[in-house]
Amino acid sequence: MNIIFMGTPEFSVPVLEALAQHHHVICVYTQPPRPSGRGHKVNPSPVQQTAERLGIPVRTPVSLRKPDAQAEFASLNADVAVVCAYGLILPQPVLEAPKLGCINVHASLLPRWRGAAPIQRAIQAGDAESGVTIMKMDVGLDTGDMLLKGACAITPDTTAQMLHDSLASIGAELIIKALADLPTPQKQPTEGVTYAEKIQKEEALIDWSLPAIQIKRNIMAFNPFPVAYTTLNGERIKIYEADVSKATTSLPAGTLIDDTLSVACGDHTVLRIRKLQREGKRAMTAEEFMLGSSLKQGERFAV
RNA sequence: CGCGGGGUAGAGCAGUCCGGUAGCUUGCCAGGCUCAUAACCUGGAGGUCGUGAGGUUCAAAUCCCACCCCCGCAA
């Protein structure tokens, strides 16, 4: 099949690679290179880098709302467009241009977690499982009819990175299967719809008054991005991993209750920090951190 | 030229402002003590202080210059 692929971040790369292996990817759409990283260097998206490595033509329109962009898209005469974390809304004319329409690879078990950040929201919510849904796109936000689903477990120690990687590989597998079998589309259930709001950076600031279990979920959900953090004397400290402790405390939220980085949280619960990072320093385990740190129990993180 | 922090024993840090024989915690090795323990005691090995047979100096981890690498913010 002649396929147009539309995607941008790391998550879409395995899907693109699988498609390139099994089909003819005639063109890749991705977000334009933007100044990013230290020094404001302009970097192409992971998908663009992959496409260039595979020798596939790349297009990076800023929008698909303009008629000429849509005409260009239609002129490719694709059999199908596979969309995976592209980052642009596809207008009706684009959705209808390919013979088989546009098929989306979404990182959740729809209709749960429609929207931008399904991976992180699932972890934050304490879901026991996640998955990938392949669906036929329509004008709604992740509301199209479903073709295939694949599930995957979430444990208390699953980080967004881990789930991201698992789902990306499941997605790559499923899209190939979906294109081969072309299953009959099924309507999404009307029950169980939730929306995964885009992650705001402010959410990564730890609120120590929450119960330890919720703080831990947030930490796992925000690892590796944007990474949960707290502040101590004005310095930002990122927290990558933590465990809920069996201990309880009556100390105020945010207080270090021992010298092994156990922190008082809401409802008298305690969170034990496992991996953290100071500004300008690399990430390290709590043990390593304490060896050269003057932090003592009784000190308190900003709430 | 976006802003900023850092590169000192295997690991984590202090020392750098106010140049003068390199220190702390831990780990490692050896020995001791103990029913036992992330226990304790004693001794020991381990460092071209990111690079440049660079500059200044009687003397540079420390001051100056250039370069390399890591990281936080921002995007």
Side-chain angles (χ1 to χ4, degrees), chain A residues 6-13 29-50 52 58-63 85-89 115-117 119-120 157 159-162 164 197-208 215 218-247 249 254 256-263 270-303:
Chain A
M6 313 176 92
T8 299
E10 204 60 51
F11 182 78
S12 341
V13 170
Y29 276 70
T30 189
Q31 294 278 317
R34 296 203 171 85
S36 65
R38 258 168 239 126
H40 281 180
K41 289 184 275 280
V42 177
N43 297 307
S45 73
V47 161
Q48 179 165 356
Q49 293 179 37
T50 304
E52 285 168 355
V58 174
R59 288 184 185 171
T60 60
V62 176
S63 160
Y86 178 37
L88 280 187
I89 302 289
I119 297 175
Q120 292 89 331
D157 288 315
T159 61
Q161 176 77 67
M162 293 158 65
H164 166 280
E197 298 291 327
K198 190 177 165 188
I199 303 287
Q200 304 293 334
K201 258 188 186 168
E202 305 80 69
E203 296 178 65
L205 176 58
I206 294 175
D207 176 357
W208 293 106
I215 295 176
N218 290 352
I219 289 170
M220 294 300 167
F222 296 152
N223 176 350
F225 182 85
V227 186
Y229 71 94
T230 185
T231 60
L232 181 72
N233 304 324
E235 182 185 5
R236 178 186 293 239
I237 296 176
K238 287 183 167 185
I239 313 265
Y240 286 84
E241 294 171 17
D243 285 313
V244 174
S245 167
K246 289 186 180 69
T249 181
L256 281 168
I257 65 168
D258 61 19
D259 56 4
T260 63
L261 292 178
S262 294
V263 187
V270 174
L271 190 76
R272 175 100 181 266
I273 296 171
R274 211 164 66 204
K275 193 173 178 190
L276 69 169
Q277 179 177 32
R278 288 180 55 189
E279 291 179 12
K281 297 294 187 180
R282 66 178 190 80
M284 59 186 79
T285 62
E287 290 74 25
E288 286 179 312
F289 183 89
M290 291 312 293
L291 285 176
S293 167
S294 55
L295 268 189
K296 292 190 295 281
Q297 57 173 289
E299 297 203 62
R300 200 175 166 199
F301 292 123
V303 179

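Reckoned from all heavy atoms, side chains included, excluding hydrogens, waters and symmetry mates. This one's a predicted model, so the numbers in the text were calculated from it and none came from an experiment. Throughout, protein chains are lettered first and strands after them, A, B, ... in sequence-line order, and every chain is numbered starting at 1.
To the nearest whole angstrom, the two P atoms, one in rA61(B) and one in rU48(B), are 13 Å apart. Atom C1' of rG43(B) sits at a distance of 40 Å from the matching atom of rG52(B), rounded to the whole Å. Taking atom C1' in both rG4(B) and rA75(B), the straight-line distance is 15 Å, to the nearest Å. Straight-line distance between the C1' atoms of rC24(B) and rG47(B): roughly 15 Å, to the nearest whole Å. The separation of rU16(B) from rU37(B), taken at their P atoms, amounts to 42 Å, rounded to a whole angstrom. Nucleotides rG27(B) and rC63(B) place their P atoms 33 Å apart, quoted to the nearest Å. Taking atom P on both rC70(B) and rC29(B), the two are 33 Å apart, rounded to the nearest angstrom. Taking atom P on both rC17(B) and rC64(B), the two are 9 Å apart, rounded to the nearest angstrom.
Residue contacts for Arg34(A): at a heavy-atom cut-off of 4.0 Å it reaches no nucleic acid atom on any strand shown. Residue contacts for Glu235(A): at a heavy-atom cut-off of 4.0 Å it reaches no nucleic acid atom on any strand shown.
Computed from coordinates, the Phe225(A) CZ to rA75(B) P distance equals 10 Å when rounded to whole Å. In this structure, the CD atom of Glu279(A) is 17 Å from the P atom of rC3(B), given to the nearest Å. The distance from atom CD of Glu202(A) to atom C1' of rC73(B) is 14 Å, rounded to the nearest whole Å. One atom, CD of Gln277(A), and another, P of rG4(B), lie 20 Å apart when rounded to the nearest Å. When the P atom of rG5(B) is taken as reference, atom OH of Tyr229(A) falls 20 Å away, rounded to whole Å. We find that NE2 of His40(A) is positioned 13 Å from P of rC73(B), with the value rounded to whole Å.
When Watson-Crick and G-U wobble pairs are counted only if both distances are under 3.5 Å, rC3(B) pairs with rG72(B). In this structure, rG43(B) and rC29(B) make a Watson-Crick or G-U wobble pair, each of the two defining distances being under 3.5 angstrom. Judged by Watson-Crick or G-U wobble contacts below 3.5 Å, the nucleotide rA14(B) has no partner. Remark: rU21(B) base-pairs with no nucleotide; criterion is Watson-Crick or G-U wobble with both hydrogen-bond distances under 3.5 Å. Pairing for rU34(B) is absent, judged as Watson-Crick or G-U wobble with the two contacts each under 3.5 Å.
Residues forming a ring pair (Phe, Tyr, Trp, His ring centres under 6.0 Å) with Phe11(A) (at least two apart in sequence, or on another chain): His164(A).
Taking the six-membered ring for Trp and thresholds of 30 and 60 degrees, Tyr86(A) and Tyr29(A) have ring planes more than 60 degrees apart, a perpendicular arrangement.
A distance-only check finds no donor-acceptor pair linking the side chain of Glu52(A) to the backbone of Gln49(A) [under 3.5 Å]. A donor-acceptor pair under 3.5 Å is formed between the side chain of Thr159(A) and the backbone N or O of Met162(A). Looking at Gln161(A), its side chain never comes within 3.5 Å of a backbone N or O of Asn223(A) through a donor-acceptor pair.
In terms of phosphate contacts, Lys201(A) brings no side-chain nitrogen or oxygen within less than 4.0 Å of OP1 or OP2 of rC73(B). Phosphate contact (OP1/OP2 of rC73(B), side-chain N/O of Lys238(A), threshold under 4.0 Å): present.
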Worksheet item: Using a cut-off of 4.0 Å between protein heavy atoms and nucleotide atoms, how would you tag nucleotides 10-15 of chain B 5' to 3' with B, S and -?
Response: -BBS--
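Heavy-atom distances to RNA chain B give each of Arg38(A) and Pro35(A) a nearest nucleotide, and the one nearer the 5′ end belongs to Arg38(A).
Atom CD1 of Ile89(A) is surrounded by 12 or fewer heavy atoms from other residues, nucleotides or ligands within 6.0 Å.
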Item to complete: Carefully, step by step, assess Thr30(A) and Ser45(A) under the rule side chain to side chain donor-acceptor pair (under 3.5 Å).
Response: CA-CA 7 Å; Thr30(A) 189; Ser45(A) 73; 2.7 Å; yes
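With rounding to the nearest 0.5 angstrom, the CD1 atom of Ile273(A) is 9.5 Å from the OG1 atom of Thr260(A).
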